[in-house]
Amino acid sequence: MTEGVDLLLPDGHTVRVPSGTPVGAVLRDWAPDRASRFLAALVEARPVDLAFPVAGSGRIAPLTFDDRAGRDILQHSSAHLVAKGVVETIPSARPTHGPPTDEGFYYDFDVRPFTPTDLDQIRAAMDRSIQAREPFRRREISRADAERLFAENRYKLGYIADTPAGDAISVYDTGAFTDLCRGPHVPDTSFLAGVHILGFSAITPETEGAAALQRIRGVGFPTKRELDDYLKMRAEAARRDHRTIGQQQELFLFQDVAPGFPIWLPNGMLVVRELERYVTEHLRSAGYREVRTPLMFHRSVYERSGHWEHYRENLFTSTVDDQEFAWKPMNCPGSMLIFGSRPRSYRELPLRLAEFAPLHRLEASGTLHGLMRVRELVQDDAHIFVTEEQIEPEIRVLLDWVRSAFTTFRLRWSYELSTRPPSFLGEAADWDRAEATLEKLLRESGVEYRVSPGEGAFYGPKIDIHIRDSMNRPWQTGTIQLDYQLPRRFALEYQGADGQLHRPVVVHRTILGTWERFVGVFIEHCAGRWPPWLAPVQVRILPVAERHVDAARGFVEELQGAGLRAELAGSEESLPKRIRSAELERIPYVGVLGDREAESSTVSVRIRGTKEGRTLSRPELIAYVADRVRRREYDP
RNA sequence: GCCGCCAUAGCUCAGUCGGUAGAGCGGCUGAUUUGUAAUCAGCAGGUCGGGAGUUCGAUUCUCUCUGGCGGCUCCA
């Protein structure tokens with residue numbers, strides 16, 4: 001006679017079942033219509049297999065793909081399935097670990113590099129397993145048995161050794177494959193029909209010289225349908241890749257002779273100039289002064305700034321007159337030299353020096369990525385020299401400016417606060433105070449932020465701004481960094497109201513980050529549909545037939561006279577063809593001018609993204625577009 | 001930088017089991033003068049990424065270099 005246990009269900013009902021009943025059976029009886037989505041369960045908030053026998057009274061709940069924990073269980077089970085496929089395909093492969101990630105999962109193997117043929121075989125093995133509905137069976141075994149079982153796998157032996165003495169060691173069997181694992185898992189492999197391998201690659205070993213592990217990345221969904229939706233979404237995202245659109249719209253290009261050095265074409269340069277103008281307008285009203293400092297300095301400058309020691313591998317160097325020079329990777333040294341060029345008074349602070357100069361960074365070849373990661377870049381950079389008391393108000397203003405700018409671009413951004421690294425310069429108390437100030441300001445901003453302990457620069461804590469590209473890859477754009485070190489290294493001082501000499505603090509900051517990365521991210525964000533103020537061509541006028549060309553040209557000149565980027569598309573091609581082209585080029589406003597319009601001095605306007613046309617008088621169209629451009633409206 | 005993959009016309013791609021290549025779009029020319037997502041015809045355009053090797057012969061096979069892509073690491 002088994003004892004009964006009382007189980008509290010998510011809806012508040014309680015059921016009594018015999019002790020030892022699988023929690024999955026209880027949940028299935030409770031919600032039979034939804035049970036096929038149940039992947040695992042929570043028993044007293046602990047994730048367990050659906051087969052877990054309830055042993056005591058308590059609270060239970062199902063886990064589905066919609067719960068992060070349930071999602072992770074499905075991803076991790078998918079990783080097991082991959083490992084099973086790998087071991088069946090390459091028996092010498094040693095699985096190491098296979099955790100879920102934000103996007104999906106990966107599994108690392110100690111094995112020779114994979115080939116595409118391996119992948120085909122691995123996929124086939126996985127499919128066979130899914131077809132066979134192989135259950136995930138949990139076993140708890142003794143430490144000695146575990147060590148025997150994984151005698152050939154030093155990684156697993158390491159995990160066993162790391163398991164605290166009292167803890168159970170569990171393994172999961174899937175068909176003939178056994179993996180060391182805490183679990184829980186989905187009930188059987190038929191739950192993994194929506195698994196997909198995204199790719200494979202070697203990963204850089206943690207310790208120098210160690211053999212590289214091979215990683216297989218994948219993603220799992222509860223059903224094939226959901227996987228298909230995901231793959232469709234990825235295909236759509238690939239279409240808005242900034243490299244593709246950059247080529248289609250002739251914004252920029254790269255050539256073999258200058259890897260990582262963007263070549264800005266007229267259309268792209270136009271966008272950059274508009275962005276520059278946008279930022280510069282703000283600088284003027286916010287009390288900045290623009291400067292320009294050399295692109296190249298003698299190495300002694302970098303020895304002083306610390307770049308020679310900490311950033312050496314990223315410096316482009318040149319030898320001039322037998323002296324070693326380096327191309328500047330950042331603008332800070334130049335600004336330090338300016339500040340230190342004469343005695344300074346507290347009355348000059350905050351001193352805000354902005355510089356948009358080309359910077360050179362010798363980034364590792366394998367990391368170059370379109371405009372997102374380049375070797376020559378321009379930041380909307382500034383260095384603000386402040387007193388300790390001025391830090392807070394100054395950064396508050398910067399965060400306001402970030403909000404305003406990213407709202408204009410309709411970008412969703414998040415902050416990352418990076419705090420004191422293990423090896424840091426300066427006083428811990430200063431760091432604590434600065435970090436507390438930054439975090440307080442972030443909390444006030446109301447924008448999502450996370451803290452990365454120990455990730456700060458060696459010279460000070462920082463706030464980074466992140467936005468994501470079309471493939472949901474995060475990119476850092478702007479950054480706000482507090483720096484106590486460069487002022488010290490460059491022996492910067494100002495005379496305070498008390499007559500004493502004090503050391504300023506420097507705020508390094510960029511808002512959009514670099515034109516290169518910002519343009520890249522924004523292309524993907526707007527999918528090439530530039531807001532009118534950024535669009536390389538804002539208005540295109542199409543005369544219906546040859547006899548309308550003169551009138552159309554006259555109107556184009558009027559538009560241009562009003563400061564708009566307008567152009568004529570003559571009648572060499574059919575009207576439908578020209579409309580199609582304008583549509584594909586994402587031109588915000590297309591005006592058609594024919595007999596009807598000529599008569600009434602109007603223009604028939606096609607607004608990007610809308611089906612129906614509007615007929616406006618010519619001055620009306622000019623005023624309408626000019627107004628939207630001036631206000632930097634996002635949509636046509 | 002590490003691992004794998006890729007490189008054919010301006011672009012997107014096909015092709016050659018080793019006998020030096022094709023399409024669509026784009027470009028140019030001509031005809032058409034067009035009313036809201038592709039008018040028709042003709043022509044031009046390629047030492048098949050660079051170098052070396054194997055071979056009677058290499059765009060094709062091998063090696064190597066360069067560049068790109070996806071990851072890893074790093075980062076604006």
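By convention in this document, chain letters (A, B, ...) are assigned in the order of the sequence lines, proteins followed by strands, and residues within each chain are numbered from 1.
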Under the 3.5 angstrom rule, does the side chain of [X] hit a backbone N or O of [Y] as a donor-acceptor pair?
| X | Y | answer |
| --- | --- | --- |
| A/Arg361 | A/Glu376 | no |
| A/Arg578 | A/Glu573 | yes |
| A/Lys328 | A/Gly334 | no |
| A/Thr510 | A/Thr479 | yes |

Is there a donor and acceptor pair, one atom on the side chain of [X] and one on the base of [N], closer than 3.5 Å?
| X | N | answer |
| --- | --- | --- |
| A/Arg361 | B/C75 | no |
| A/Ser574 | B/U33 | no |
| A/Gln247 | B/G10 | no |
| A/Arg215 | B/C72 | no |

For the [atom1] atoms, the ones on [N] and on [M], what distance do you get once it is rounded to whole angstrom?
| N | M | atom1 | answer |
| --- | --- | --- | --- |
| B/G24 | B/A14 | P | 16 Å |
| B/C25 | B/A21 | P | 23 Å |
| B/A23 | B/G42 | P | 12 Å |
| B/C6 | B/A76 | C1' | 28 Å |
| B/G49 | B/U59 | C1' | 11 Å |
| B/U8 | B/A44 | P | 23 Å |
| B/U12 | B/C72 | P | 26 Å |

Mind checking what makes side chain to side chain contact (heavy atoms under 4.5 Å, CB included) contact with A/Asp550, not counting sequence neighbours?
-> A/Arg553
Non-neighbouring partners of A/Arg412 that pass side chain to side chain contact (heavy atoms under 4.5 Å, CB included), sequence neighbours left out | none
Phosphate OP1/OP2 of [N] contacted by [X] side-chain N/O (<4.0 Å):
| X | N | result |
| --- | --- | --- |
| A/Arg606 | B/A37 | yes |
| A/His369 | B/G70 | yes |
| A/Arg243 | B/G70 | yes |

Ion pair present between [X] and [Y], side-chain N to carboxylate O less than 4.0 angstrom?
| X | Y | value |
| --- | --- | --- |
| A/Asp635 | A/Arg410 | yes |
| A/Arg373 | A/Glu363 | yes |
| A/Arg606 | A/Glu583 | yes |

Does one side chain, of A/Glu416 or A/Ser452, offer a donor that lies under 3.5 Å from an acceptor on the other?
->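 The criterion, which ignores hydrogens and geometry beyond distance, is satisfied for A/Ser452 and A/Glu416.
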Contact list (N/O, under 3.5 angstrom) for nucleotides 2-8 of chain B vs protein:
none

Please enumerate all protein N or O atoms sitting under 3.5 Å from an N or O of nucleotides 25-28 of chain B, with distances to 0.1 Å.
from, atom 1, to, atom 2, distance (Å)
B/G26, OP1, A/Lys577, NZ, 3.2

In dot-bracket, 5' to 3', how would RNA chain B read with Watson-Crick or G-U wobble pairs under 3.5 Å, [ ] for crossing ones and | for pairs to another strand?
-> (((((((..((((.....[..)))).(((((.......))))).....(((((..]....))))))))))))....
Among B/A76, B/U39, B/G70, the nucleotide that comes nearest once only the side chain of A/Arg217 is considered =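 Closest nucleotide to the A/Arg217 side chain: B/G70.
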Could you check whether the rings of A/His242 and A/His369 sit parallel, tilted or perpendicular, using 30° and 60° as the cut-offs?
->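 Plane angle between 30° and 60°, so tilted.
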Do the ring planes of A/Trp413 and A/Phe406 sit parallel (below 30°), tilted (30 to 60°) or perpendicular (above 60°)?
-> tilted
In whole Å, what is the span from the [atom1] atom of [X] to the [atom2] atom of [N]?
| X | N | atom1 | atom2 | result |
| --- | --- | --- | --- | --- |
| A/Arg375 | B/G1 | CZ | P | 7 Å |
| A/Glu597 | B/G35 | CD | P | 12 Å |
| A/Asp241 | B/C69 | CG | P | 9 Å |
| A/Arg373 | B/G1 | CZ | C1' | 12 Å |
| A/Glu572 | B/A38 | CD | P | 18 Å |

Give me the residues of residues 262-271 of chain A where at least one heavy atom lies under 4.0 Å from an atom of RNA chain B, by number, or none.
->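 Per residue number, the list is empty: none.
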Looking for any heavy atom pair under 4.0 Å, which part of the strands does A/Leu584 touch: base, sugar-phosphate only, or nothing?
-> base
